[in-house]
Visitor: 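Next up is a structure, given as structure tokens.
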Amino acid sequence: MPIFKRKETTERILPTHIAIIMDGNGRWAKKRSLPRTAGHAAGSKNFKDIARYCNKIGLKYLTVYAFSTENWKRPKEEVDNIMKIFKEYLEDAKNFKDENIQVQFIGDRSVLDPEIQRLMKESEDASRDATGLHLNIAINYGGRDEIVHAVRSLINSNAKAEDITEEAISQNLYTASQPDPDFIIRPSGEYRLSNYLIWQSAYAEYWFSDILWPDFKPKDLEKAIDEYNRRNRRFGGV
């Protein structure tokens, strides 16, 4: 994959954790008079390219929204195709083991096909010792569902009311022990969070773009990071 070259400056700050809502695959296909399945295939390829680029520039954490708890409402043919593409990615994941990317899947995997669950675990196990980019892939993920899951975990551990703190909930989320995202990117022209990392995003910066996900390239990521560098993050201070 060609690497976008930019002029580095000493002032540049790379976010620790970027989260991306990979949106616009269907519209990308429609604009080209292609089936939606072609859009999802193009989006999957672009995901791999962007993940590799993030690893090359030294990003520590990347979380991508691959399939939400609400996406099951889509036509069965489209859902089946998305799961087929996801399975193909998992089967091919071993070919990326030398890229030093640690993979983790977040979301409720219990309802997924057992073969997909097996491949997910194999991918996580195979990349567990990687020291480069930590890549979270959100599959069957919903922010509200995640919070419910965290609270239930605390209740099941016999936690008392006074034990249910912000820190306790954070440590029972799928992203436990990870830094919250500094920067959330949503291509495709939509201006909403869509139930994505709603606990973790409390102080995140946002960047929206009309670019459809399959057309989102490293130069666009760099443009977003440049914008992040122009933000003044006060966290409630002055």
Side-chain angles (χ1 to χ4, degrees), residues 1-4 14-22 25 40-69 71 82-143 145-146 149-150 153 170-185 196-197 199-201 213-214 216-218 221 225:
M1 181 193 69
I3 298 300
F4 174 70
L14 189 66
T16 299
H17 187 169
I18 293 177
I20 300 177
I21 300 174
M22 302 186 296
N25 297 326
H40 293 304
S44 176
K45 180 183 182 302
N46 196 50
F47 148 69
K48 295 174 187 176
D49 291 343
I50 293 296
R52 288 190 179 107
Y53 184 77
C54 287
N55 191 38
K56 289 180 183 296
I57 64 175
L59 186 70
K60 297 300 183 183
Y61 293 87
L62 173 67
T63 301
V64 296
Y65 209 0
F67 190 85
S68 76
T69 51
N71 287 156
I82 292 171
M83 290 301 163
K84 178 176 178 288
I85 291 172
F86 182 48
K87 185 177 179 182
E88 290 171 351
Y89 162 76
L90 290 169
E91 290 172 339
D92 197 39
K94 59 181 177 293
N95 295 328
F96 304 109
K97 65 181 181 180
D98 296 328
E99 296 191 41
N100 201 28
I101 296 176
Q102 184 181 32
V103 178
Q104 179 178 341
F105 299 96
I106 63 173
D108 179 10
R109 65 184 74 184
S110 66
V111 300
L112 300 176
D113 180 85
E115 176 65 7
I116 287 180
Q117 292 185 51
R118 182 185 68 79
L119 291 169
M120 290 167 71
K121 185 176 186 306
E122 286 184 0
S123 181
E124 289 176 329
D125 290 344
S127 65
R128 195 173 304 280
D129 295 329
T131 58
L133 175 70
H134 185 109
L135 173 62
N136 295 315
I137 301 176
I139 182 85
N140 192 31
Y141 173 88
D145 181 74
E146 180 181 29
H149 175 270
S153 295
S170 292
Q171 288 306 312
N172 280 274
L173 297 174
Y174 296 125
T175 55
S177 302
Q178 297 182 28
D180 289 339
D182 311 280
F183 197 33
I184 296 179
I185 295 172
Y196 185 46
L197 301 173
W199 178 278
Q200 298 92 327
S201 65
W213 172 247
F216 186 87
K217 303 304 178 187
L221 178 63
I225 293 172

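Remember, predicted model here, so these are calculated numbers, not experimental data. FYI, side chains are in, hydrogens and waters are out, and symmetry mates aren't considered; it's all heavy atoms of this structure.
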Visitor: Against Phe47, only a single residue in Tyr89, Phe86, Tyr65 fulfils ring pair (Phe, Tyr, Trp, His ring centres under 6.0 Å); can you say which?
Guide: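 Exactly one pass, corresponding to Tyr89.
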Visitor: So do Leu221 and Ile18 actually touch side chain to side chain, heavy atoms under 4.5 Å?
Guide: yes
Visitor: Ignoring hydrogens and geometry, is there a side-chain-to-backbone donor-acceptor pair from Asp182 to His17 under 3.5 Å?
Guide: yes
Visitor: So for atom NZ, which belongs to Lys60, do other residues, nucleotides or ligands contribute more than 12 heavy atoms lying within a distance under 6.0 Å?
Guide: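 Not buried by this count: 12 neighbours or fewer within 6.0 Å.
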Visitor: When you measure from the side chain of Glu122 to the backbone N and O of Leu90, does any donor-acceptor pair fall under 3.5 Å?
Guide: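 Flag not set: sc Glu122 to bb Leu90 has no pair under 3.5 Å.
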Visitor: Give a yes or no on whether the backbone of Trp213 and the side-chain of Asn46 come within a donor-acceptor separation of less than 3.5 Å.
Guide: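 Yes, Asn46 side chain to Trp213 backbone: donor-acceptor pair under 3.5 Å.
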Visitor: Would you confirm whether Tyr141, through its side chain, and Leu197, through its main-chain N or O, come within 3.5 Å as a donor-acceptor pair?
Guide: yes
Visitor: Does a side-chain N-to-carboxylate-O contact under 4.0 Å join Arg128 and Glu124?
Guide: no
Visitor: Looking at His149, is its backbone amide N or carbonyl O close enough to the side chain of Ser153 to form a donor-acceptor pair, meaning the two atoms are under 3.5 Å apart?
Guide: yes
Visitor: Out of curiosity, Leu173 CG to Glu146 CD, how far, rounded to the nearest 0.5 Å?
Guide: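 Interatomic distance, Leu173 CG to Glu146 CD, rounded to 0.5 Å: 4.5 Å.
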Visitor: Go through it in stages, so that I can follow the logic: the residues are Gln178 and Gln200, the test is side-chain hydrogen bond (donor to acceptor under 3.5 Å, both in side chains), and I'd like the CA-CA distance, side-chain angles, deciding distance and then a yes or no.
Guide: CA-CA 10 Å; Gln178 297 182 28; Gln200 298 92 327; over 6 Å; no
Visitor: Where do Leu133 and Leu59 come nearest, in terms of heavy atoms and distance?
Guide: CD1-O, 3.4 Å
